[in-house]
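A short write-up of the structure that comes next.
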Amino acid sequence: MAQDDRPERYPFAEIEGKWQRAWEDSRQFHVTEDPARPKFYCLEMFPYPSGRIHMGHVRVYAIGDLLARYKWMRGFNVLHPMGWDAFGLPAENAAIDNGVHPAVWTYENIKNMRSQLRRMGISYDWDRELATCDPAYYRWEQLVFIRMFERGLAYKKRSSVNWCPSCQTILANEQVEAGRCWRCDSEVTTKEIEGWFFKITAYAEELLEWCDRLPGWPERVLTMQRNWIGKSEGAEFDLHVVGRPGVAIRIFTTRPDTAFGMTYAVLAPEHPQVDTLVTDAAERARVEAFRKEVARESEIERLAADRPKRGLRLSARVLNPFTGGEIPLFLADYVLMGYGTGAIMAVPGEDQRDWDFATQHRLPIIATVKRPEGWEETQAYTGDGVKINSGFLDGLPVDEAKRKAIDWLVAKKLGQSKVNYRLRDWGISRQRYWGAPIPILYCPADGMVPERDDRLPVVLPEDVQISGKGGSPLAEVAHFVNARCPKCGGPAKRETDTMDTFVESSWYFLRYCSPRYEGGMFEPKAAAYWMPVDQYIGGIEHAVLHLLYARFYTKVLRDMGMTAADEPFLALLSQGMVIKDGAKMSKSKGNVVDPDELIRRYGADTARLFSLFAAPPEKDLDWNDRGVEGASRFLNRVWRFVHAHADELRAADKTAQAGGPSDAGRAFRRVIHETIRRVTDDIEKDFHFNTAISAVMELVNALHDFERASLDGMGRAERGRLLREAVETMILLLGPVTPHITEELWGVLGHRESLFRRPWPVADPAALEREEVVIVVQVDGKVRSRVTVDVAAGERDVQDKALADEKVRPWLDGRQVAKVVVVPGRLVNVVTRA
RNA sequence: GCGAGAGUGGCGGAACUGGGAGACGCGCUGGACUUAGGAUCCAGUGGGGCAACCCGUGGGGGUUCAACUCCCCCCUCUCGCACCA
């Protein structure tokens with residue numbers, strides 16, 4: 001393959017290097033707070049320094065840079081920073097595999113990726129670059145951890161957690177996908193272990209409420225967050241155990257109205273009350289056997305839908321307080337200890353799971369809602385209706401019955417209304433090395449004590465053996481573990497777990513506001529100026545991970561009085577994946593396109609142009625090598641045109657012309673200004689950069705047509721002026737997409753100042769005006785002709801002209817005109833009848 | 001199962017608020033320039049008839065002068081959640 005000596009490619013390598021240096025040398029995109037100008041904080045999710053950028057990075061950073069440069073041209077003071085999400089497991093795995101220290105590996109990767117990003121020519125303020133593994137960064141996270149600890153927002157507990165056997169660490173609920181580790185795809189098990197948690201559940205209601213106040217977010221992301229938080233409203237109440245005064249089981253239900261249909265009750269197998277309910281040795285043995293059987297199921301098996309529900313009937317019975325009747329009590333695997341109270345009332349008539357279980361175990365089913373006409377009792381009825389078989393609730397609709405049932409429970413002192421959330425506290429302990437140390441010590445005298453503020457950061461020691469054998473590697477580092485108690489000064493041991501790397505990414509956007517600030521996490525005035533992020537851009541895979549954590553963390557900081565921001569990200573753009581040959585790019589599939597190779601062969605501008613042109617940003621992008629050729633061809637065409645007409649363009653007189661403009665000139669100028677309007681709308685309205693680019697392509701096509709056809713009825717001065725206006729407009733509109741070639745061509749036109757210091761073009765309303773307009777003429781809804789009319793023509797005139805049209809008349813032969821619909825400026829539809 | 005989104009040429013994708021379906025690009029066909037073309041330029045390109053015309057936006061119904069767009073039913077695909085009481 002001898003592509004390198006292809007002829008007539010514009011010298012992209014040379015001009016891209018030149019402009020990247022020019023922008024950096026002049027620190028063109030360096031910003032400071034400037035209250036006089038409107039600010040725009042444009043942020044793309046920062047990368048993990050894996051070593052090399054991939055096409056997904058090219059896409060997201062091309063999108064971000066387009067917006068940033070566009071906003072610059074619109075007069076905004078644009079903050080556009082970049083940094084590195086630098087803690088994480090791959091660095092440790094590299095250490096295990098190659099014996100290189102995680103820090104060395106990470107900083108080496110950062111160096112490589114930084115130079116790759118530089119070659120893309122993105123308008124970052126590199127002065128603000130940060131890496132989260134820097135103690136100067138994570139010390140503030142440790143300080144906030146201590147503040148959270150003091151407020152009970154960070155706490156330690158022993159519990160059953162998600163455990164990834166391959167990563168040898170705890171995972172948060174959000175980091176388990178369909179029973180597998182989000183990072184390594186291993187099957188996740190459960191483990192009873194002590195770990196640190198952030199009390200995100202304390203913010204469940206607020207996180208949910210604000211989902212309705214983020215209009216700039218995609219609906220699907222908000223829906224995922226709402227579902228993840230999983231609010232459900234209902235009631236909690238007691239079921240008394242028969243023959244055991246004072247012993248009751250508390251259950252949660254969202255359907256208190258159905259309580260009269262309760263024909264049994266169920267406890268989760270691990271429910272702590274089971275031990276007090278079971279006294280007989282034989283039954284105890286049966287319970288143990290059942291629990292073992294349930295525990296043997298892996299997470300994956302538990303997730304498999306519609307598998308039979310296993311249950312064990314206990315000898316104890318409970319009372320339905322609504323009917324006073326005795327009902328049986330079961331242990332069953334379909335009731336989860338982690339939700340509600342771990343116990344339920346079972347209403348098979350109105351709950352499908354209970355219906356399935358009741359059918360399998362031949363338990364009675366009572367309908368408490370009137371079924372619709374023709375309903376067959378083959379499944380539970382969960383719809384609306386009027387209460388039946390329900391004592392004092394009979395005749396009420398479901399909603400009212402719910403309320404009345406709760407009132408009754410409250411009056412009888414049996415229970416009350418209750419809201420439950422599916423969201424669990426965020427488990428942040430990681431039994432790994434390459435993360436921020438948790439700043440807690442264990443003192444024999446004082447117990448669990450946070451490190452003193454003035455001794456922060458607790459620096460991650462460098463001399464550590466990483467074996468990959470499991471257990472926190474920090475536990476092996478004696479000089480780290482053995483420390484002094486901040487309270488009594490006596491010997492104490494340090495916590496050896498590190499924090500989940502999602503903690504670092506929960507506030508990096510705040511640190512960018514004042515990345516070198518030493519007085520705290522961020523400088524309050526800088527954060528007040530820049531926050532919140534106006535446009536955040538990143539992959540959909542973070543819909544409930546990073547994006548939920550960052551929202552939570554921001555609210556915590558707000559409640560500590562550190563920031564006024566309620567939410568970190570005003571608007572979110574979730575870009576789709578880059579796929580090739582129908583599959584996500586991956587080494588194992590062998591369909592990877594290497595950005596370096598692409599940039600070497602075609603240049604960064606072509607890579608960016610294709611990424612933005614091939615699909616709207618929220619959709620998956622189907623990579624296509626031929627499409628890249630097309631993008632490259634377009635830029636070459638632009639390059640050739642400007643150079644071929646350089647003299648004429650430079651000489652063009654920009655002053656007003658003496659004579660009036662020609663018809664052709666006016667028509668072409670309308671095309672220019674229509675393009676400005678379309679491109680601006682596409683960017684502003686819904687980020688449809690693909691159609692914005694196609695509009696510029698149309699302008700370039702029109703430019704070629706104009707160039708060939710002109711001088712018919714047009715003076716040389718008018719032609720030169722229009723060519724120049726068209727070319728300048730084209731360059732300005734294309735600038736944010738392909739900054740290097742446009743900056744270069746801008747210079748060819750004789751400009752000395754950077755393109756990105758020029759204002760974005762504004763469509764001239766006068767240029768958009770038309771004198772005539774083409775009207776489509778339909779007969780009975782089918783297009784039969786077109787007529788050209790004066791824009792000011794009245795409906796009557798338009799209709800007459802349409803009816804008189806020679807292509808229309810034959811269709812009216814032998815038929816009567818029943819009606820004529822005239823849509824001004826667009827269309828006439830002649831409706832006929834026989 | 002629940003929730004969200006999507007189905008348009010050979011392909012990626014356009015179509016504002018119900019008003020010309022297929023913009024733009026890729027590919028393909030023919031031509032020009034050429035020693036050559038995988039460079040460049042010109043013309044064409046939904047299907048059928050090769051004319052007048054007819055058909056066509058997953059399928060079926062409906063509303064309307066007019067439906068890719070609105071309503072009802074169904075099919076397929078993608079993503080998320082998944083025994084959450």
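The chains referred to below are lettered A, B, ... by the order of the sequence lines, with proteins before strands, and numbering in each begins at 1.
Taking a pair to require two hydrogen-bonding distances under 3.5 Å in either a Watson-Crick or a G-U wobble arrangement, B:A66 remains unpaired. Base pairing analysis places B:A6 opposite B:U76; the two distances defining the Watson-Crick or G-U wobble pair are each below 3.5 Å. In this structure, B:A32 and B:U40 make a Watson-Crick or G-U wobble pair, each of the two defining distances being under 3.5 angstrom. Nucleotide B:A52 has no partner under the Watson-Crick or G-U criteria, as no pair reaches both atom distances under 3.5 Å. When both distances must be under 3.5 Å, the Watson-Crick or G-U wobble mate of B:U45 is B:G27. Remark: B:G1 base-pairs with B:C81. Criterion, Watson-Crick or G-U wobble with two distances under 3.5 Å.
Here the nucleotide nearest the side chain of A:Phe252, chosen from B:G20, B:A85, B:G19, is B:A85. For A:Glu698, taking side-chain heavy atoms from C-beta onward, the closest of the listed nucleotides B:A4, B:C24, B:G19 is B:C24. For A:Val831, taking side-chain heavy atoms from C-beta onward, the closest of the listed nucleotides B:C79, B:C65, B:C24 is B:C65. Residue A:Leu827 has its side chain nearest to B:G19 when only B:G80, B:G19, B:C81 are considered. Distances were taken from every side-chain heavy atom of A:Arg784 (C-beta onward) to each of B:C81, B:G19, B:C53; the shortest belongs to B:C53.
Of the side-chain N and O atoms in A:Arg226, none sit less than 4.0 angstrom from OP1 or OP2 of B:C81. Applying the 4.0 Å criterion to OP1 and OP2 of B:G27, one finds that A:Arg633 has a side-chain N or O inside that range. Between A:Lys309 and B:C83 there is no side-chain N or O to OP1 or OP2 distance below 4.0 Å. In this model, the phosphate group of B:A6 is not approached by any side-chain N or O of A:Arg220 to a distance below 4.0 Å at OP1 or OP2.
Among all heavy-atom pairs drawn from A:Pro348 and A:Gly261, the shortest one is CD-O, 4.0 Å.
Within the 4.0 angstrom heavy-atom criterion, only backbone atoms of the sugar-phosphate kind lie near A:Asn701; the bases stay farther away. Within the 4.0 angstrom heavy-atom criterion, no nucleotide atom of any strand lies near A:Gly340. Within 4.0 Å (heavy atoms only), A:Arg833 reaches no atom of the nucleic acid at all. A:Val776 comes within contact range of at least one nucleobase, with a heavy-atom separation under 4.0 Å. Using a 4.0 Å heavy-atom criterion, one finds that A:Arg626 contacts the sugar-phosphate atoms exclusively.
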Please tabulate the protein-to-nucleotide N/O contacts below 3.5 Å involving nucleotides 9-16 of chain B, giving atom names and distances.
residue	atom	partner	partner atom	Å
B:G12	O2'	A:Ala614	O	2.6
B:G13	O3'	A:Asn690	ND2	3.2
B:A14	OP1	A:Asn690	ND2	3.1
B:C16	N4	A:Arg826	NH1	2.9

Detail all sub-3.5 Å separations between protein N/O atoms and N/O atoms belonging to nucleotides 44-52 of chain B.
none

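Note: A:His542 and A:His546 have perpendicular aromatic rings, judged against thresholds of 30 and 60 degrees for the angle between ring planes.
On a pure distance criterion of 3.5 Å, a polar donor-acceptor pair joins the side chain of A:Arg786 and the base of B:G20. A donor-acceptor contact under 3.5 Å links the side chain of A:Asn829 to the base of B:C65.
The same atom, C1', is picked in B:C24 and in B:U8; the two are 16 Å apart, to the nearest Å. Rounded to a whole angstrom, the distance from the C1' atom of B:G9 to that of B:G47 is 9 Å. Rounded to a whole angstrom, the distance from the P atom of B:U57 to that of B:A67 is 11 Å. Separating the P atom of B:A4 from that of B:G48 is a span of 41 Å, rounded to the nearest Å. Across B:C77 and B:G58, the matching C1' atoms stand 10 Å from one another, rounded to whole Å. Comparing B:C54 with B:A21, their P atoms are spaced 12 Å from each other, to the whole Å. Taking the P atom of each, B:G25 and B:C41 are spaced 11 Å apart, rounded to whole Å. When the P atom is used for both B:G3 and B:C11, the distance is 33 Å, rounded to whole Å.
Put simply, CD on A:Glu618 is 20 Å from P on B:U78, counting in whole angstrom units. A straight line from NZ of A:Lys782 to P of B:U64 spans 18 Å, rounded to a whole angstrom. Rounded to whole Å, the distance from CD on A:Gln778 to C1' on B:U64 is 13 Å. A:Ile775 has its CD1 atom 21 Å from the P atom of B:C65, to the nearest Å. Here B:A85 presents its P atom at 13 Å from NZ of A:Lys231, a figure rounded to the nearest Å. Separating the CZ atom of A:Arg678 from the P atom of B:A23 is a distance of 12 Å, rounded to the nearest angstrom. Here B:G3 presents its C1' atom at 14 Å from CH2 of A:Trp228, a figure rounded to the nearest Å. Rounded to whole Å, atom C1' of B:C77 lies 13 Å from atom CD1 of A:Ile579.
A:Asp625 meets the side chain to side chain contact (heavy atoms under 4.5 Å, CB included) test with A:Lys580, A:Trp623; sequence neighbours excluded. In this structure, the side chain to side chain contact (heavy atoms under 4.5 Å, CB included) partners of A:Glu684, at least two apart in sequence or on a different chain, are A:Tyr70, A:Lys71, A:Arg74, A:Thr680. With sequence neighbours left out, the side-chain hydrogen bond (donor to acceptor under 3.5 Å, both in side chains) criterion links A:Thr263 to no other residue.
Residues A:Arg678 and A:Asp682 are not paired through a salt bridge, judged by the lack of any N-O separation under 4.0 Å between the basic side chain and the carboxylate. Ion pairing between a basic and an acidic side chain is recognised when a charged N comes within 4.0 Å of a carboxylate O; A:Arg677 and A:Glu674 show such pairing.
When A:Arg9, A:Arg637, A:Arg601 are each tested for a side chain to side chain donor-acceptor pair (under 3.5 Å) with A:Ser632, only one passes: A:Arg9.
Using a 90° window around 0 for the glycosidic torsion, B:G9 falls inside it and is classed as syn.
Here the straight-line distance linking atom NZ of A:Lys402 with atom CZ of A:Arg255 works out to 5.5 Å at 0.5 Å rounding. Between the CG atom in A:Leu703 and the CE atom in A:Met730 there is a gap of 6.0 Å [rounded to 0.5 Å].
Summarising the local packing, CD of A:Glu806 is surrounded by 12 or fewer heavy atoms from other residues, nucleotides or ligands at distances under 6.0 Å.
The list of salt bridge (Lys or Arg N to Asp or Glu O under 4.0 Å) pairs with a residue in residues 215-224 of chain A, not counting sequence neighbours, reads A:Glu219-A:Arg226.
For the residue pair A:Gln360/A:Asp356, the side-chain donor-acceptor check at 3.5 Å is not satisfied.
When each of A:Asp351 and A:Glu219 is assigned the nucleotide of RNA chain B with its nearest heavy atom, A:Glu219 is the one assigned upstream, toward the 5' end.
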